[in-house]
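Here is the structure we will look at, set down as C-alpha cells.
All chains are named by letter (A, B, ...) in the order of the sequence lines, taking the proteins before the strands, and each is independently numbered beginning at 1. Bear in mind the structure is a predicted one, so any value in this text is a computation, not a measurement.
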Amino acid sequence: MKYYLCSHNSTRMENLLRKGVREAVREIWGTDVTDDMLQIQKTRKEFAGDLTLVAFPLARVSHSSPEKTAGEIGRWLAANISAVSDYNVIKGFLNVTIASSQWAKRLENLSAAENYGFLEAEYGSAMVVIEYSSPNTNKPLHLGHIRNNLLGFSLSRICSAAGNRVIRTNIVNDRGIHICKSMLAWQMFGNGETPDTTGKKGDHLVGNYYVLFEQKLREQSEQLVAGGMTPEEARENAPLMKKARELLLKWEAGDPDTVELWKRMNSWVYEGFDVTYKDLGVEFDRIYYESDTYKTGRELVLQSLEKGDLVRRDDGSVWIDLTADNLDQKLLLRSDGTAVYMTQDLGTAVLRYADYHFDRHIYVVGNEQNYHFQVLALTLLRMGYRWAEGLHHFSYGMVELPEGKMKSREGKVVDADDLIEEMTATATEMSRELGKLEGYSESERKNICRQIGLGALKYFILKVDPKKNMTFNPAESIDFNGNTGPFIQYTYARIRSVMKKAEETGARQGDRDCSDVTPNLKEISVIKLLNDFPSLVVEAAAELSPALIANYCYELAREFNQFYHDYSILGEEDKKIRDFRLKLTGVTGRVIEKGLWLLGIEAPERM
RNA sequence: GGUUCCGUAGCUCAGUUGGAUAGAGCAACAGCCUUCUAAGCUGUGGGUCGAGCGUUCGAGUCGCUCCGGAAUCACCA
C-alpha cells in the first residue's frame, strides 16, 4: 500500500488490548473473533477506566448476555495481562484500566522517539500533488483565497507528515477576457500609473482597474438599456466590452504591444501575490501558468477527437458526451477553436503527470466547481489516462459575509492583506492591554504580534469542517480566548518558559529515565493524548482533515493547562516526579509545536 | 426540475468504524493571581441533534420521505 486509505488507526495500547481480547475469547469460548466484533474505544470521562471494549457483538460468540461476556473477558485480561490493572462492567461495556506505571513507560518511549508522530517519505512513498491557491491575475487575493491557501498548505504538511512525497503547486489563471479588462482600463484611464509611482501594491493597483472597468461598463450598459436594449444585450454590445474582446484576440494572436503590456501588468500582480503568500506563510514547489498549459490542452483535445473519443458539432466546436455517466455533454473547444477553462485543466493535469507521475492529485478548489472536477476526471479517463483515478477534488465551502456572497467585481470583498494587517493590529492591541509587551525589542514585539494575529486567523479557519460554508463577520473580530489559535500558542509559550527556567536553574540535567514514576490522573490524561498523536496524523492525512489536527491541539492544550494549574512542575520537591513532569511538559511542547506546524501556525517562544 | 453539500445550545463549532447521561468555546452569572506566564483554571444556567418514518440490542451518526439553506447544470473562469 502506498498511502493510507484506512481511517481507523490504533494506538499501541489499543493493539495490546485487542490482542488480549482475541486470546481471551479463544481460551474461554474456543473461537476466533473477527475484526468488526472487536470494538475498542476510549473510555468516556464519566466512567472509571482507560479503554472500553463494547461487548455486544461478542455476545453472539459467548452465547450469554453482554454483561456476562464482558465480565469474563475482564477477569481474564486482569489475570493474564500485566498492563491491565483493573476493570469494571457497565451494561455491555467493559472498561479496562491500564496500570499507571504503563503510562510512565509510554511517555518514556515517545519522548525518545525520533521525530515523534511524523513518518519519513521514502523512495517508494506515494507521490501526492496538491494544487491550491489558483488565483486570477486581475485582482488581489481575498478571504476566500485565504481559506483555500490555508487548507491547501496545511494539507500538504499533513500529507508529508504521513510519509508521502508532496509537491505543492499552483495554477495561475493569467489569460482570458478578465485579464484583458483590467489591461484595457489601465490603458484608457491609467495615465501610466505603476506600483512604483503610486506606492500601491501591484495586485491592488491592477485590481482597481478591474473594478473601474466594470464600473465604466455598467455606465455604458445603462445608457444602452435606456435606448431600448435588454441588460444582457447592452452588456455584450457596450463599446468597452467590444474593445476587451478585441484585446483578447490581439493577445491570442501574439500582438507584441499587447503581450508586453500583459507581461508588465502580470509582473506587478505577481510581486503583490508574493507579499501576501509570504505574510500568510504559504509556499509552492512549482507554479504552472494557464498561458502555458492551454495549448497542451487544445492539442490533447484534437488528438482525442481523431481517436474518436469526442464529438465535433457542425459549427466546429468539440464536445465530450458524458450522458452515460449521468452528466451532460461538455464543451472542450469553442467553435472558433479557442480553449475554455476545461481545456486548460486537461492540459495542466497531463503536464503534471508527465512531470511527477503522481499517485494522487488533490485539487483544493471551492465547491462551486464540483461539477467541473467530475467532468475533468471522467474526461481524462475517457481519453485513456488511467492515472486520472488518482484525481481528487478537495471541495470546500464558501466564505460569506453577513450580507451574502463576496463580489470582487463590485469591490465587496474582505481583502486578504487588509485582514492580515487587522489581525496583527488586534493582536498588538490585546497584548498591550494585557501588559505583555514589556521587555521586548521592537522587532520581537512585531514578530510576536504577527504570529498571534495570524495564529488566530488560521485556527479560526482551519478548525471548522472544510465542507461547510462559513460566515465571516468583520464587525465581530476573531477571538483570542477559549478555543482559538492564541490559546494553543499561549500554552506553548508557557511550556517554553518552564523549560527555559528549568535549564537556567539547572533543574534539567540530561534525560533521566522516569519510567518508574506512578503518574496521577491529570498526567495520565495528557500522556494518553500524546499517545494518540501518531495515529491522528495518519488519520488526518487519510481524511484530508486539518480540522482533526486543530481540534486535537486544542484538546491537548486544554488538558495540559489543567495539569499545569493543578500541579507544580519546577516546585515539586520529589526530584523523580519533577523530572517526570518536566519530561511530560517537554513532550507536550514538542507535540503542540508539531500540531501547529501541520496547520501552518507558528509557535511563539514567548507571548 | 436534475445532481451534490449543509442543518447539533442565543452565537461559532466538535462529536472517530452506529455505542453508555450529546461535548467545547463565545456571550451571561459566580469564584481563583505572595507560588513555573490569569491569552489561564474552576463552577452555574442553557438542547424535542431541522421534521417524520424505518433498520438495529443500541441512531446526532445508516436508509427513505419531507422542510429550510447553499452550490452547480455556460462557446465565463
Tabulate atom names and distances for all N/O pairs under 3.5 angstrom spanning the protein and nucleotides 28-30 of chain B.
none

Exercise. Rounded to the nearest Å, what distance is computed from the CD1 atom of residue A:I488 to the C1' atom of nucleotide B:G25?
Worked result: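 So the CD1-C1' distance, A:I488 to B:G25, works out to 12 Å.
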Problem set entry | Separation of atom OH in A:Y554 from atom P in B:C26, rounded to whole Å |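 After rounding, the reported distance stands at 7 Å.
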Under the rule for ring-ring contact (aromatic ring centres under 6.0 Å, His included), what residues qualify as partners of [X], not counting sequence neighbours?
| X | answer |
| --- | --- |
| A:Y341 | A:H372 |
| A:F533 | A:Y552 |
| A:Y132 | A:F284 |

Problem set entry | ring pair (Phe, Tyr, Trp, His ring centres under 6.0 Å) pairs, two or more places apart, involving residues 451-494 of chain A |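 Found A:F487-A:Y554.
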For this session: Go along nucleotides 37-44 of chain B 5' to 3' and tag each nucleotide: B for a protein heavy atom under 4.0 Å from its base, S when only backbone or sugar atoms are that close, - otherwise.
Result: BSBSSS--
[X]: what forms a salt bridge (Lys or Arg N to Asp or Glu O under 4.0 Å) with it, not counting sequence neighbours?
| X | value |
| --- | --- |
| A:R245 | A:E236 |
| A:K243 | none |
| A:R60 | none |
| A:R44 | A:E46 |

Hey, what are the protein-to-nucleotides 3-9 of chain B N/O distances that come in under 3.5 Å?
from: B:G7; atom 1: OP1; to: A:K468; atom 2: NZ; distance (Å): 3.4

Exercise. Tell me, what's RNA chain B's dot-bracket, Watson-Crick or G-U with both distances under 3.5 Å, | for other-strand, [ ] crossing?
Worked result: (((((((..((((.....[...)))).(((((.......))))).....(((((..]....))))))))))))....
Exercise. So does A:R313 have more than 12 non-hydrogen atoms from other groups sitting under 6.0 Å from CZ?
Worked result: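 Yes, CZ of A:R313 has more than 12 neighbouring heavy atoms, counting only those of other groups under 6.0 Å.
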For this session: Give A:K405 one of three labels, base, sugar-phosphate or nothing, depending on what nucleic acid heavy atoms sit under 4.0 Å from its own.
Result: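 Counting heavy atoms under 4.0 Å across all strands, the contact made by A:K405 is with sugar-phosphate only.
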Problem set entry | Short side-chain donor-acceptor distance under 3.5 Å, A:D50 and A:T43 |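 No, A:D50 and A:T43 have no side-chain donor paired with an acceptor closer than 3.5 Å.
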Exercise. Are A:F563 and A:F560 close enough that their ring centers fall under 6.0 Å?
Worked result: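 Ring-ring flag for A:F563/A:F560: true, centres closer than 6.0 Å.
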